[in-house]
Amino acid sequence: MVAQSLVPAERREAMNEDLKDPILAIRNLKVAFATYDGVVEAVKGIDIDIGAGETVAIVGESGSGKSQTMMATMGLLAANGQAQGSIRYRGEELLGLPPKALNRYRGKTIAMIFQEPMTSLDPLFKIERQLIEPLMAHSGLSRSAARARAIELLTKVEIPNPAERIDSYPHEMSGGQRQRVMIAMALANKPDVLIADEPTTALDVTVQAHILELLRGLQHEFGMAIVFITHDLGIVRRFADRTYVMRQGVVVEQGDTGELFTKPRDAYTKMLIEAEPAGRKAPVPPDSAIVLSAQGMRVTFRQRRGLFGTDVRTVEAVKGIDLTVRRGETIGIVGESGSGKSTLGRAILGLVPADGAVRYDGALIHPTDRHAMRPLRRHLQLVFQDPYGSLSPRLTAGEIVTEGLLVHEPGISRAERDRRAAGAFEEVWLDPATRHRFPHEFSGGQRQRIAIARTMILKPTLVVLDEPTSALDRSVQKSIVELLRHLQTKYGLAYLFISHDLAVVRALSDEILVMKQGAVVERGTVDTIFTNARESYTRELIAAAFLDNPDGRSFT
Amino acid sequence: MLIYTLRRLASAVPTLFIIVTVAFFLVRFAPGGPFDMEQPVAPQVLENLKRAYSLDQPLFYQYLDYLGKLVRGDLGPSYSALDFTVGEMLMRGLPYSISLGFGALILAVFGGVTAGVVAALHQNSASDYSVMTVATVGVTVPNFVVGPLLQLVFGLMLGLLPLGGWGGGDLSHRILPTIALALPQMAVIARLTRGAMIEALRADHIRTLRANGLSNSIIITHALRGALLPVISYLGPAAAALVTGSVVIEKIFAIPGVGAYFVDGALNRDYTLVMGTVVMLAGFVVVFNLIVDLLYAALDPRVRYE
Amino acid sequence: MSDTALAPPGDTSASAGRSLATLAILRLRRNRAAVVSFIVLIAITLFCVVGPWLSHHAYDQVYRSYVGLPPSLSPYPAQNTLEDAMRGALDRARIGMRDFTISGSTFRVTLTSPNPIDPRNTRYIDRVDQFRDAKVVATEDGGKSLVVEGTVQRQLFLMGTDLAGRDLMTRIMVGGRVSLLVGLLATFVSLVIGVSYGAAAGFFGGRIDMVMMRVVDVLYSLPFVFFVILLVVYFGRDFVLIFVAIGAVEWLDMARITRGQTLALKRREFVEAAHALGVSELSILRRHIIPNLLGPVVVFMTLMVPKIILLESFLSFLGLGVQAPLTSWGVLIAEGANNIQNAPYLIIFPAIFFVSTLFALNFIGDGLRDALDPRDR
């Protein structure tokens, strides 16, 4: 059974010793994809066992093959994907079954929920139909019996007013509610195994916590096994009995979750656990000069409608916010999506039209005209969340990094620009020889460094960091966080750090602003916010981030 | 729904108005006039003719006059086919064009959607490639090539079907022109459906259905409804064009529809006939777009609330 | 695409990067349909552009003796028709003949008449397409019979002649020149108008964009064939003006696409990043917007050329295209369609060239689109 696994045989034995009678047994599973640029092996011969009623986490970073393992189990691989090996459910081989035969298991004994609740439901049909179809197909219920059962299920997943809501369309529900509907659908036929593929990643943290609690409760009631596919160690630590750690298509370590976290054996597991941002920022001296201050920042978006755009609606995205940043200081701005935190950052840089006054180095820079603002731009910089979108695809990395020099130091020669580009690459720990490559030839973390180099080459005093680590894997995040810390101490930079990731914010900030619906609901030092928050919303946010509760990990 | 329909119709009025206005002045600024004959007409005769058709009035006055009559449904007299009003001419030709056009529309929609779905369900298989090859041929080869080729093969070489003429609406006379008319649209619809269907089958919510172990027929029902949306949007103008007669097909197959009116009218400077055809086409476009919007709203709940 | 055609994994150690354009060209080269289409298109273009100079026939040269000849690989005239042709030619001069012989490519004939024959009557022989260089070599009977020698003019009509007696192949070449040129020039016109209009609307955005696009919407709702026909009627059937007219109508799609792309690009973070760096609007347009617009515009252009060739031939079919004796593929197909019963080759040959060109252009366009946007299809 063991063919070409990258894990030594004796360790594989050890890994599987404890589970005698798994309901789902994956043996030597390999998944490969035929792509435009050759065959890519996503899963390279792994073994996974799921016992009845237990909670198992499969954790790994993007590209580790954790999702594809379960997609292969469900027969949901993309058309160019090919799986080999064995996947047995209660002794019966699933791999290689034609869809019709596979449908005796899918949705009946093994169910799955997905990461994207917004798109996982058919927008054109009422949720009623989507809920009763699996019931009618597998349990042979009549239409009316299925509807009654569907309402019952919606009650179980805590949808308010289920008898009415069952006739809604997906777009009439929030993301959290849609994920609840997805769960109801998955549980419709009382499965033995529920596979949850990053079920909460696309949701706001507070919603995430509710969904996880719901799943925990439902597991109690239904007694099914849950397989969590996740990159979030917080969830793993809190919910999983056992954990598999995957990396590049291989299971590098598996075992009891508590043991795995306290005594990780594999270097990669250790790195992952340590990659959770740790430490605190050294405080700034109280006499540190004020770099920037903003008073009464207010942003209103107008949406034009009608034949000639005469019907104007306004949405207030930022509702009058003040803030002050000192040299060397980091202000963390946290909040859920739509809270206006990114808009606030852009308003301060004068990138969106806003009301209010901004002073840089004592001089009024907002409101002011664009020409007066331009020379000051080099001191006030911005780094974006998405390292794929923020680099122009048709310029080389070197050209991207030196773009600001063309504006702010137009006099310098091409050779000097190139020399400075090389310097900036070294500054962000990138090989300067790679500066002639194009963005698509770099990884996500490397691109984010290029984006940072683009700002650093201008020697700024304040950098607005808009979710700079959110699109990156934890291990990459760690190095970006270290880079940002290093640059801050070296140059006394001031940061406005915008993030929904409280772990990173806690590790980097001096002061924190908690935003909700365009307003600051609470502000204070890191210690006050995290240990002694006044507002219930703040406390909810912190609780949902699983920072303070490394115990209580099991569902049962 | 009724209010929505009425509102949509009302919003078409400015569009129609602009079309009529642009068309009116474009036609009038073209050099030449309706009474330019091979032999120059005596100036006095010309004067009289112009007076009889109020062409001696200032242009703007004529424009207002035309609008006024249009609102009352009067399209005016034809300048080239004397003794006939434009309305009468259209009424005479439209039955042929509409009957042919609807046949082609039905053929194009059913043939195109079926072929597209089959191709999408068997992506990259032999049936997919053959459907797509035929569709590419259909899109690429214009109907003025297809028409004569059909005549050549089925009319002359095989002798199965008549070469042209209406034949009192006999089915055998309709087959070739209907196919020739439908083929390009069928090809476009097949390509559109295939693309939309492939996209739809890859959608996350289809993956949900698969994960729930639902049968292929349920999956296809879900995917097809989404895939039909772009097809329906495409159909509005296409249907209007089919129904208002194809000048090429009607010419090749000698069918007395309205297709040729426009070109003939433009060449003869028959102002009212040209205007009449434009108004007719615009009217059909408005009606078909409305039907499309209603269909779309029926299929997609998201647009009903906007 | 088959996996066997895949290139080996790229050498990522090279310090010079591979730009998106380089990658696109690599992908395009692997697309067999597109490569074949390129070759076909080049061949047809060469055939049309160079062909008329190499052809032995002028496109408007009328051979009265060879009206409606079917295609043939052997040259005309056929041996056994020559005597009749000679008799026919001399009948017009009311002159009799005897002793008609052919040796190689020369003929020898004796003209007879009750009265003395004017030697200038040999021009009647030269006047038919089969013979030339007729010379009197001997005078007999006091001028009542002349021995005439001359060359048999052998002509090759590979694709036959049309019903006016013109060589079809040469006409296809010249018609191809017109069709291709109209396609290219009209595309260029629509490109210039569409891209500048669309880019302006997208770049300025807001109210300007709204008004500009409302104008496009209204123009869209105009029946555009009507527009072209009116323009052609208005301007006259002038070759140059036809493509201006077509281009002036076809720019609408181009404008919409360009605007959509510009708006999408403006919202991309790298444009916002440039704003944050203080880069001026003009530099952003030049460095970030225009280079990223090129891909979709090129694809659209490739797909536009066949559309315009089709439109031109449609106009020609209606009799609104280029004027005789100049021709285009559309004109030739229309002529063929009218004579499909007695001379089907008249539609078959032009249609082959026309359809191959359209196919090739469509495949190249599709190939380019896939190469620039390589989501697996």
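Every chain is numbered from 1 and lettered A, B, ... according to where its sequence line falls, protein lines coming before strand lines.
- The structure places CE of A/Met112 at 10.0 Å from OG1 of B/Thr208, a figure rounded to the nearest 0.5 Å.
- Between atom CG of residue A/Leu124 and atom CG of residue B/Leu224 there is a gap of 10.5 Å, rounded to the nearest 0.5 Å.
- Interface remark: A/Ile195 contributes no atoms to any contact with chain B (heavy atom separation under 4.5 Å).
- A/Asn103 contributes atom CG, which lies 7.0 Å from atom CD1 of B/Ile219 (distance to the nearest 0.5 angstrom).
- Only the side chain of A/Leu76 comes within contact range of chain B, judged by heavy atoms closer than 4.5 Å.
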Review point. So B/Arg225 and A/Phe125, side chain to side chain contact (heavy atoms under 4.5 Å, CB included) or not? Walk me through it.
Key: CA-CA 9 Å; B/Arg225 184 153 170 182; A/Phe125 290 91; 3.2 Å; yes

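- Taking both residues in full, the closest heavy atoms of B/Arg207 and A/Ser120 are given as NH2-OG, 4.1 Å, listed atom of the first, atom of the second, then distance.
- Contacts of A/Met182 with chain B are made by side-chain atoms alone, with heavy-atom separations under 4.5 Å and no backbone atom involved.
- Neither the backbone nor the side chain of B/Ala203 comes within contact range of chain A; no heavy atom of the residue lies under 4.5 Å from a heavy atom of that chain.
- Closest approach of A/Asp122 to B/His222, counting heavy atoms only: OD2-ND1, 2.7 Å.
- For chain B, no part of A/Met118 is nearby; none of its heavy atoms comes within less than 4.5 Å.
- Residue A/Pro123 comes nearest to B/Pro301 through the heavy atom pair O-CG, 3.3 Å, listed as atom of the first residue, atom of the second, then distance.
- Contact of A/Arg129 with chain B is made through the side chain alone, with heavy-atom distances under 4.5 Å.
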Point to revise | Test side chain to side chain contact (heavy atoms under 4.5 Å, CB included) applied to A/Met74 and B/Arg210, step by step | key: CA-CA 8 Å; A/Met74 296 296 283; B/Arg210 290 217 172 94; over 6 Å; no

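- For the atom pair CE (A/Met136) and CG (B/Leu214), the distance works out to 10.5 Å, reported to the nearest 0.5 Å.
- At most 12 heavy atoms of other shown residues, nucleotides or ligands fall within 6.0 angstrom of atom CD in A/Glu164.
- At a 4.5 Å heavy-atom cutoff, B/Ile206 makes no contact with chain A through either its backbone or its side chain.
- In this structure, chain B has a heavy atom under 4.5 Å from the backbone of A/Ala186, while its side chain stays farther away.
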Exercise for review: In sequence, state the C-alpha distance, the side-chain angles, and the governing distance for A/Glu133 and B/Asn212, and then conclude on side chain to side chain contact (heavy atoms under 4.5 Å, CB included).
Suggested key: CA-CA 9 Å; A/Glu133 273 170 349; B/Asn212 277 311; over 6 Å; no

